[in-house]
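Read through the structure below, which is laid out as structure tokens, and then see the notes.
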Amino acid sequence: QVQLVESGGGLVQAGGSLRLSCAASRRTFSMYAMGWFRQVPGKEREFVAGDTWSGRYTYYADSVKGRFTISRDNANNTVYLQMHSLKPEDTAVYFCGRSMRTGQAMRVEDYDYWGQGTQVTVSS
């Protein structure tokens, strides 16, 4: 069983920054690609950012390109999402997930494990 625990969410003003963390419970973390998604009530979970197991290749949703950065620390089984220039429309619960794919994984069904989510609220 793999456990993923997100942290780092909170309330921030528009234009501000936050860094989310996702800690994984297993050492096999470094063998898997990871991703970040977000969800608002009444809407489907949407892709935000993803990487490969090495962290060398990253990809992003158009809505966050240039503002968000995904990175990882394989020694500490942790993946991060650095968010800058936050906008009110970034308000959502953010989830990290473990990808089952070796390439890009932008669909919810590409992931087999999820964290419980962390709330990000951006005020205008």
Side-chain angles (χ1 to χ4, degrees):
Q1 184 75 12
V2 174
Q3 288 188 324
L4 302 174
V5 180
E6 300 97 335
S7 61
L11 173 64
V12 63
Q13 288 187 335
S17 299
L18 281 175
R19 189 177 79 155
L20 306 183
S21 300
C22 171
S25 61
R26 279 201 168 179
R27 293 185 179 181
T28 53
F29 168 83
S30 63
M31 298 171 60
Y32 292 89
M34 299 292 290
W36 286 95
F37 283 66
R38 64 188 182 187
Q39 189 170 22
V40 298
K43 292 191 175 182
E44 294 186 350
R45 193 169 294 189
E46 67 172 3
F47 171 78
V48 174
D51 77 352
T52 54
W53 64 269
S54 67
R56 293 178 182 175
Y57 176 69
T58 58
Y59 51 102
Y60 301 90
D62 288 342
S63 59
V64 306
K65 276 181 184 176
R67 300 189 297 122
F68 290 12
T69 303
I70 185 172
S71 62
R72 64 164 59 205
D73 179 352
N74 283 338
N76 290 301
N77 299 335
T78 303
V79 63
Y80 303 98
L81 185 68
Q82 179 68 56
M83 306 184 293
H84 294 298
S85 302
L86 283 162
K87 305 175 182 179
E89 51 263 44
D90 294 319
T91 295
V93 177
Y94 283 70
F95 299 88
C96 67
R98 191 183 79 168
S99 172
M100 297 182 286
R101 297 176 60 88
T102 56
Q104 283 196 357
M106 302 175 73
R107 305 176 305 166
V108 170
E109 52 266 38
D110 292 333
Y111 293 76
D112 57 356
Y113 288 98
W114 296 93
Q116 82 290 346
T118 185
Q119 176 72 46
V120 171
T121 303
V122 184
S123 63
S124 57

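Along the sequence shown, residues carry numbers from 1.
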Result for side chain to side chain contact (heavy atoms under 4.5 Å, CB included) between Val120 and one of Val93, Thr91, Leu11, Leu20 points to Leu20
Counting only heavy atoms not in Gln13, do more than 12 fall under 6.0 Å of its CD?
-> no
Could you pull out the closest heavy-atom pair between Gln104 and Met106, with the gap in Å?
-> OE1-SD, 3.6 Å
Enter the distance from Tyr60:OH to Phe47:CZ here, rounded to the nearest 0.5 Å.
-> 9.0 Å
For the residue pair Tyr32 and Ser99, what are the closest heavy atoms and their distance?
-> CD2-O, 3.5 Å
Residues Val48 and Leu81: closest non-hydrogen pair is CG1-CD2, 4.2 Å
Any disulfide (SG to SG under 2.5 Å) pairs touching residues 47-90, not counting sequence neighbours?
-> none
Which residues satisfy the ring-ring contact (aromatic ring centres under 6.0 Å, His included) test with Tyr111, sequence neighbours excluded?
-> Phe37, Trp114
Heavy-atom pair of closest approach, residues Ser124 and Ala14 | CA-CB, 4.4 Å
Donor-acceptor contact present, side-chain Asp51 to main-chain Met34, <3.5 Å | yes
With Tyr59 via side-chain hydrogen bond (donor to acceptor under 3.5 Å, both in side chains) - residues at least two apart = none
Would you kindly confirm whether Val79 and Val64 end up in one hydrophobic cluster when ILVMFWY residues are joined by side chain heavy atoms under 4.5 Å apart?
-> yes
Any donor and acceptor pair, going by atom type alone, linking the side chain of Ser25 with main-chain N or O of Gln3 inside 3.5 Å?
-> yes
Do side-chain atoms of Tyr113 reach the backbone of Gln1 as a donor and acceptor pair under 3.5 angstrom?
-> no
Note: Ser30 and Arg72 closest approach over all heavy atoms is CA-NH1, 4.0 Å
In terms of heavy-atom contacts, Leu18 and Gly8 come closest through CD2-O, 3.8 Å
Apply side-chain contact (heavy atoms from CB on, under 4.5 Å) to Lys43 and list each qualifying residue two or more places apart in sequence or on a separate chain.
-> Val40
Taking only residues two or more places apart in sequence, or in another chain, which ones meet Asp90 in a side-chain contact (heavy atoms from CB on, under 4.5 Å)?
-> Arg38, Arg67, Phe68, Leu86, Lys87, Tyr94, Val122
Do Met100 and Asp110 have side-chain heavy atoms sitting under 4.5 Å apart?
-> no
Contact check, side chains of Glu44 and Gln39, non-hydrogen atoms, under 4.5 Å | no
Sub-4.5 Å side-chain heavy-atom contact between Val12 and Met83 = no
Excluding sequence neighbours, so at least two apart, what forms side-chain contact (heavy atoms from CB on, under 4.5 Å) with Val5?
-> Gln116
Using the six-membered ring of Tyr80, assess whether NZ or CZ of Arg19 lies under 6.0 Å from its centre and within 45 degrees of the ring axis.
-> yes
